[in-house]
Amino acid sequence: MLVQATRKLRHAPARSKSKHLFRRGKAVFPDGTTRATVDKDPFPIYAQRGEGAYLFDVDGNRLLDLNNNFTTLIHGHGFAPVSEAVVDLLRTGTCFANPTEHEIALAELLTARIPAMERVRFVNSGTEAVMFAIKAARAYTGRPGIARIEGAYHGAYDWAEAGQGISPGEAGWDPAPVATPIYRGTPPSVAEEVHLLRFNDVEGLERSLSAVSDRVACILIDPMPSRAGLIHPEPAFIEALSAAARKYGILILADEVLNLRQGYAGASARYGLKPDLITAGKIIGGGFPIGAIGGREEVMRVFGTEDGKPVLPQGGTFSANPVSMVAGRAAMEAMTQGAFDRLEEMGDRLRAGLGASIASYDAPFSVTGAASLFRIHPKRVAPIEFRDAYMNAAEVSLARRMSHHFLDRGILLPFAAAACLSTAMVDADIDFILSAFDAFLDAENQSGKESAQ
């Protein structure tokens, strides 16, 4: 039944209501929406509701959701345990200046699971978590600078985002990567204190760090950089990074806001990385705003007030708000080891099936990812760093055709970003995705033959 459920979404009137809403949005928002990450092609699809693995748009189209609000909804939409916990809480109050038991319960769950998270502080977003984690590294080491992976995404803090949007031919690409700020007017001092590393570049790692080691507080790393290609870390790179950090007294800051969903203990534990600080978000909030900074007890003391004024003050009107705490706890309690294992099995079957189709058609594609995450690259060889994953104009066009094809078939496939599975999905959904991809490759193959004639 799923394979037969096709939707022609790119033509009016099937998306007329979305088009109308975008017109209204442009009258009140600078870009028509409130997030730069919303795909507009040429206008967004406006959601009406979600149900399990599916999203329903305002025009009545039913879409298998492989975005899940940028990997946040690990249980899909309308997960009953979360909904019920939140409804019960709403009757008793949504936020207080005082702490509640709910924050302790979620913190106990996280610190019991995640080896690097001996102590934790809650904030309101992944951006905020990374921002305060960087500040904590500075406060602990007394050093101002950071090192970070070229092309990786870490939110909207000036120092965390410098170096994420470099393109070939622009300043900062050659001869060596330079942390070019992403917006005009950024203080020059930001770029001066951000030092770029290339992912999986063992040889260049030591050379890059040795020159600035006395000024670098932390190495900021996503264990599997999503925006930079959803790329596997090489064991030798993890080992070299860990050795260099120890050698120079630099803290390792693992950004697992997205990749915590890779397993019961997160991504760092999966790849043998032992961070001093770790950030989390997305899945730990059960669909509500959240962020968390965790780390070694010694490092996390910078937030403490036992000795009077904290070395690093951190507040936030909605930090540890009860709604996010109970929603997060309900979502995470349902993510048992068995639930993670089932997601990984589906992910393995999907990635293997995509690879088999690619091989069958000898198509110019490759697949990266792990656990419940995957990304289809319009490249024959799977990338091992950001520069490999960067798409030229022809590849962008091919990837866009693929997204259009999936959308026409009733599947929301994120464009040039990580796609994800949810516990709401079943085997038939995996078959649906594989069928859609196979049909796309067949159509591309037929089109190529016709062009050659």
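No donor-acceptor pair closer than 3.5 Å links the side chain of Arg375 to the backbone N or O of Leu230. Between the side chain of Ser435 and the backbone N or O of Asp431, no donor-acceptor pair lies under 3.5 Å. A donor-acceptor pair under 3.5 Å is formed between the side chain of Glu128 and the backbone N or O of Asn124. With hydrogens and angles ignored, the 3.5 Å screen pairs no side-chain donor or acceptor of Thr305 with any backbone N or O of Gly308. The backbone N or O of Gln314 lies less than 3.5 Å from a partner atom in the side chain of Arg121, making a donor-acceptor pair. A side-chain donor-acceptor contact under 3.5 Å links Thr127 to the backbone of Ala156. With Arg138 contributing its side chain and Pro144 its backbone, the two residues share a donor-acceptor pair below 3.5 Å.
Going from atom CE of Met332 over to atom CG of Leu109 covers 6.0 Å, rounded to the nearest 0.5 Å. Atom SG of Cys420 is separated from atom CE of Met425 by 9.0 Å, given to the nearest 0.5 angstrom. The CD atom of Glu103 sits 10.0 Å away from atom CG of Asn321, with the distance rounded to the nearest 0.5 Å. Separating the CZ atom in Phe374 from the CG atom in Leu413 is a distance of 5.5 Å, to the nearest 0.5 Å. Between the OG atom in Ser16 and the CG atom in Leu21 there is a gap of 9.5 Å [rounded to 0.5 Å]. Separation of atoms CG (Leu350) and CD1 (Ile430) is listed at 5.0 Å; rounding is to 0.5 Å.
By the 4.5 Å heavy-atom criterion applied to side chains, Phe432 and Ile411 are counted as neighbours. Contact check for Met335 versus Arg113: side-chain heavy atoms found under the 4.5 Å cut-off. Within the 4.5 Å cutoff, no side-chain heavy atoms of Arg349 are placed close to those of Glu345. Phe237 is listed as a side-chain neighbour of Ile221, based on a closest heavy-atom distance under 4.5 Å. Between Leu407 and Leu412 the shortest side-chain heavy-atom distance falls below 4.5 Å. Using a 4.5 Å heavy-atom cutoff, the side chains of Met300 and Leu277 are in contact. Between Pro310 and Phe303, every side-chain heavy-atom pair lies at or beyond the 4.5 Å cut-off. The shortest side-chain heavy-atom distance between Pro44 and Val38 falls under the 4.5 Å cut-off.
Using a cut-off of 4.0 Å between Lys/Arg side-chain N and Asp/Glu carboxylate O, Lys17 and Asp59 are scored as not salt-bridged. Salt-bridge formation is detected for the pair Glu150/Arg387: a Lys NZ or Arg NE/NH1/NH2 atom is positioned less than 4.0 Å from an Asp or Glu carboxylate oxygen. With salt bridges taken as basic N to acidic carboxylate O contacts below 4.0 Å, none links Arg49 and Asp57.
Across Ser268 and Ile278, no two heavy atoms sit closer than the pair OG-CD1, 4.4 Å. Contact between Pro313 and Val311 at its shortest, heavy atoms only, is CD-O, 3.8 Å. Heavy atoms only, all atoms of each residue included: Leu258 and Ser226 are closest at CD1-OG, 3.6 Å. Scanning both residues, Val82 and Ala327, for their nearest heavy atoms gives CG2-O, 3.6 Å. Contact record, Arg270 with Ala370: NH2-CB, 4.0 Å, taken as the closest heavy-atom pair.
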Could you go through Asp158 and Val194, starting from their C-alpha distance and side-chain angles, then the distance that decides it, and tell me whether this counts as side-chain contact (heavy atoms from CB on, under 4.5 Å)?
CA-CA 10 Å; Asp158 282 352; Val194 178; over 6 Å; no
Would you check, one step at a time, whether the test side-chain contact (heavy atoms from CB on, under 4.5 Å) holds for Leu73 with Ile283?
CA-CA 6 Å; Leu73 302 172; Ile283 69 167; over 6 Å; no
Is there a side-chain contact (heavy atoms from CB on, under 4.5 Å) between Asp341 and Met346 once you walk through the steps?
CA-CA 9 Å; Asp341 290 345; Met346 286 198 297; over 6 Å; no
Pair Ile284-Leu260, side-chain contact (heavy atoms from CB on, under 4.5 Å): steps then yes or no
CA-CA 9 Å; Ile284 69 166; Leu260 192 74; 3.5 Å; yes
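Listed by chain and number, the residues in a side-chain contact (heavy atoms from CB on, under 4.5 Å) with Asp214 amount to none (sequence neighbours excluded). With sequence neighbours excluded, no residue satisfies ring pair (Phe, Tyr, Trp, His ring centres under 6.0 Å) with Phe406. The ring pair (Phe, Tyr, Trp, His ring centres under 6.0 Å) test applied to Phe437 returns Phe365, not counting sequence neighbours. Annotation: side chain to side chain donor-acceptor pair (under 3.5 Å) contacts of Glu297 (sequence neighbours excluded): Arg301. In this structure, the side-chain contact (heavy atoms from CB on, under 4.5 Å) partners of Val130, at least two apart in sequence or on a different chain, are Ile134, His154, Ala160, Leu220, Asp255, Thr279. With sequence neighbours excluded, no residue forms a ring pair (Phe, Tyr, Trp, His ring centres under 6.0 Å) with Phe288.
Between the side chains of Asn259 and Tyr271, no donor N or O sits under 3.5 Å from an acceptor N or O. In this structure, a donor-acceptor pair under 3.5 Å is present between the side chains of Tyr390 and Ser167. With no hydrogens or angles considered, no side-chain donor-acceptor pair links Gln164 and Arg227 at under 3.5 Å. For the residue pair Arg261 and Ser372, a side-chain donor N or O sits within less than 3.5 Å of a side-chain acceptor on the partner.
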Listed pairs under 3.5 Å, donor-acceptor, residues 24-33 side chains, sequence neighbours left out:
residue, atom, partner, partner atom, Å
Asp31, OD2, Lys40, NZ, 2.7
Thr33, OG1, Arg35, O, 3.3

Pairs under 3.5 angstrom only: tabulate donor-acceptor contacts from the side chains of residues 91-98 to other protein residues two or more places apart or in another chain.
residue, atom, partner, partner atom, Å
Arg91, NH1, Asp88, OD1, 3.4
Thr92, OG1, Leu89, O, 2.8

Ignoring hydrogens and angles, write down the donor-acceptor pairs under 3.5 Å from the side chains of residues 240-253, residues two or more places apart or on other chains.
residue, atom, partner, partner atom, Å
Ser242, OG, Ile238, O, 2.9
Lys247, NZ, Glu206, OE2, 3.1
Tyr248, OH, Glu206, OE2, 2.5

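With respect to Thr368, the side chain to side chain donor-acceptor pair (under 3.5 Å) criterion is satisfied by exactly one of Arg351, His377, His232: His377.
The environment of CZ in Phe70 is crowded: more than 12 heavy-atom neighbours from other residues, nucleotides or ligands sit within 6.0 Å.
Applying the side-chain hydrogen bond (donor to acceptor under 3.5 Å, both in side chains) test to pairs two or more places apart or on separate chains, those with a residue in residues 72-84 are Asp65-His77, His75-Thr423. Legend: ring-ring contact (aromatic ring centres under 6.0 Å, His included) pairs involving residues 112-152, not counting sequence neighbours: none detected. For residues 186-201, the pairs satisfying side-chain hydrogen bond (donor to acceptor under 3.5 Å, both in side chains) are Glu193-Arg215, Arg198-Glu385, with sequence neighbours left out.
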